[in-house]
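These numbers were taken from a predicted model, which means no experiment stands behind them.
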Amino acid sequence: MSSVLTTTLPKPKRSIFQWISDHWFATFLVGYGLWVFMPYMAPVFMYIGWTGEGKALYFIYSFFCHQLPERSFFLFGEKSMYSLGEIQAVWQNTIDPFALRKFIGNPALGWKIAWSDRMISFYTSVWLFAVLWYPLRRRIKPLPWWSVMLLLLPLALDGGTHAVSDLAGIGQGFRDTNVWLATLTNHAFPVTVYAGDALGSFNSLMRFVTGVLAGLDLVWLAFPYFFQTQTYNQQLDEISYAKVIEQIKEQNPHPAG
């Protein structure tokens with residue numbers, strides 16, 4: 001009788017932390033997904049009249065994003081992005097980033113998403129690449145470190161030059177005109193490609209591309225390690241459980257009956 005019981009011995013209950021470890025990917029998709037996509041609800045709340053909830057989201061995410069309106073997408077308005085001049089015309093004629101970031105929109109222009117365009121491309125791409133990674137998780141190996149640095153380099157260059165350029169004032173720096181790029185390309189593209197941050201500009205395109213590359217980099221580096229760690233933990237649990245069964249069998253050597 002004891003032999004039968006030991007071979008069907010239930011496994012011990014796992015703690016909440018162990019459960020999260022076992023279901024880390026589902027936990028990530030839900031938890032991180034809520035974090036990433038809630039900023040999209042800010043303009044929705046403003047549009048339907050839930051201004052308190054909308055402003056609360058803008059406030060919370062202002063600690064994680066500059067939310068400059070000329071570098072943000074707008075919903076429920078005439079256009080998806082607006083130039084600095086258009087923002088200044090309806091808000092304040094200022095280049096102070098702390099004043100500009102307070103503009104969340106209006107019924108005519110629409111309401112901005114609580115993420116800037118770069119944050120949208122980076123954070124959203126992490127979630128999307130994770131979804132794409134999961135079916136291939138057993139075949140994808142972690143990136144080597146030289147590849148990690150290579151994929152991060154465009155973000156570092158683009159973000160770094162934006163930061164240096166903004167020291168001259170929003171709309172006043174070399175990244176706002178991109179004269180260097182116009183000279184390099186012999187003015188082959190319309191002036192809107194070189195100047196400003198609006199959709200279709202070089203700056204907007206680079207923020208999107210570098211954000212996506214960084215998101216791919218993060219998933220390709222970290223998620224294979226997470227999966228390997230989970231696999232090793234499961235194997236250790238199975239080994240530990242098998243050892244317990246063997247110990248019980250040794251203590252109860254007599255067969256049933």
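Summarising the geometry of Val126 relative to Phe28, their closest heavy-atom pair is CG1-CZ, 4.1 Å, with the distance given to 0.1 Å. The shortest non-hydrogen separation linking Ser72 to Met81 is O-CG, 3.5 Å. Across all non-hydrogen atoms, the minimal contact from Pro69 to Ile87 is CG-CG2, 3.7 Å. Contact detail for Val219 and Trp133: the closest heavy-atom pair is CG1-CB, 4.1 Å. Residues Gly196 and Ser201 share a closest heavy-atom pair of O-OG, 3.5 Å. What you find for Ile95 and Ile170 is that their closest heavy atoms are CG2-O, 3.1 Å.
No more than 12 heavy atoms of other residues, nucleotides or ligands sit less than 6.0 Å from atom NZ of Lys102. The number of heavy-atom neighbours closer than 6.0 Å to CH2 of Trp220, taken from other residues, nucleotides and ligands shown, is 12 or below. For Phe37, the CZ atom counts as densely surrounded, since its 6.0 Å shell holds more than 12 non-hydrogen atoms of other residues, nucleotides or ligands.
In this model, no donor atom of one side chain and acceptor atom of the other lie less than 3.5 Å apart for Ser121 and Arg207. Residues Ser116 and Arg71 bring no donor and acceptor atom of their side chains to less than 3.5 Å of each other.
Ring planes of Phe76 and Tyr47: parallel class, angle under 30° (limits at 30 and 60°). By the 30° and 60° cut-offs, the orientation of the rings of Phe74 relative to Phe103 is tilted.
A 4.5 Å side-chain heavy-atom check between Thr177 and Tyr194 finds every atom pair outside the cut-off. Side-chain contact between Met46 and Thr51 is present, with heavy atoms from C-beta onward closer than 4.5 Å. Counting heavy atoms from C-beta on, the side chains of Leu218 and Phe129 never come closer than 4.5 Å. In this structure, Pro190 and Val193 have side chains that are in contact, with non-hydrogen atoms separated by less than 4.5 Å. Considering only heavy atoms from C-beta on, Arg138 comes within 4.5 Å of Phe227 through its side chain.
Cluster annotation: Leu157 is not connected to Leu216 through the hydrophobic network of ILVMFWY side chains, with a link wherever side-chain heavy atoms come within less than 4.5 Å. One hydrophobic cluster holds both Phe202 and Ile120 under the rule that ILVMFWY side chains link at heavy-atom gaps under 4.5 Å. Leu155 and Val164 sit in two unconnected hydrophobic clusters of ILVMFWY residues. Membership requires side-chain heavy atoms under 4.5 Å apart, directly or through other members.
Formation of a donor-acceptor pair under 3.5 Å by the Trp111 side chain with backbone atoms of Val44 is not found in this model. Of the possible donor and acceptor atoms, one in the side chain of Asp176 sits under 3.5 Å from a partner among the backbone N and O of Gly173. The main-chain N or O of Ser83 is never found under 3.5 Å from a side-chain atom of Glu70 such that the two would form a donor-acceptor pair. Under a 3.5 Å cut-off, the side chain of Asn203 and the backbone N or O of Asp197 do not form any donor-acceptor pair. Proximity of a side-chain donor or acceptor of Trp91 to a complementary backbone N or O of Ala99 within less than 3.5 Å is detected. At distances below 3.5 Å, not a single donor-acceptor pair connects side-chain atoms of Ser165 with backbone N or O atoms of Thr161.
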Inset, instruction - Show the numbers, then the answer: is there a side-chain hydrogen bond (donor to acceptor under 3.5 Å, both in side chains) between Arg101 and Ser62? - result: CA-CA 9 Å; Arg101 71 192 303 236; Ser62 68; 4.7 Å; no
Legend entry - side-chain contact (heavy atoms from CB on, under 4.5 Å) between Asp117 and Phe208, intermediate numbers included: CA-CA 7 Å; Asp117 55 357; Phe208 173 79; over 6 Å; no
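Across Tyr40, Tyr58, Tyr61, a single residue satisfies ring pair (Phe, Tyr, Trp, His ring centres under 6.0 Å) together with Trp115, and that is Tyr61. Among the candidates Tyr134, Tyr32, Tyr225, Phe223, the single residue satisfying the ring pair (Phe, Tyr, Trp, His ring centres under 6.0 Å) test with Trp24 is Phe223.
Remark: Asp158 engages Arg175 in a salt bridge, criterion side-chain N to carboxylate O under 4.0 Å.
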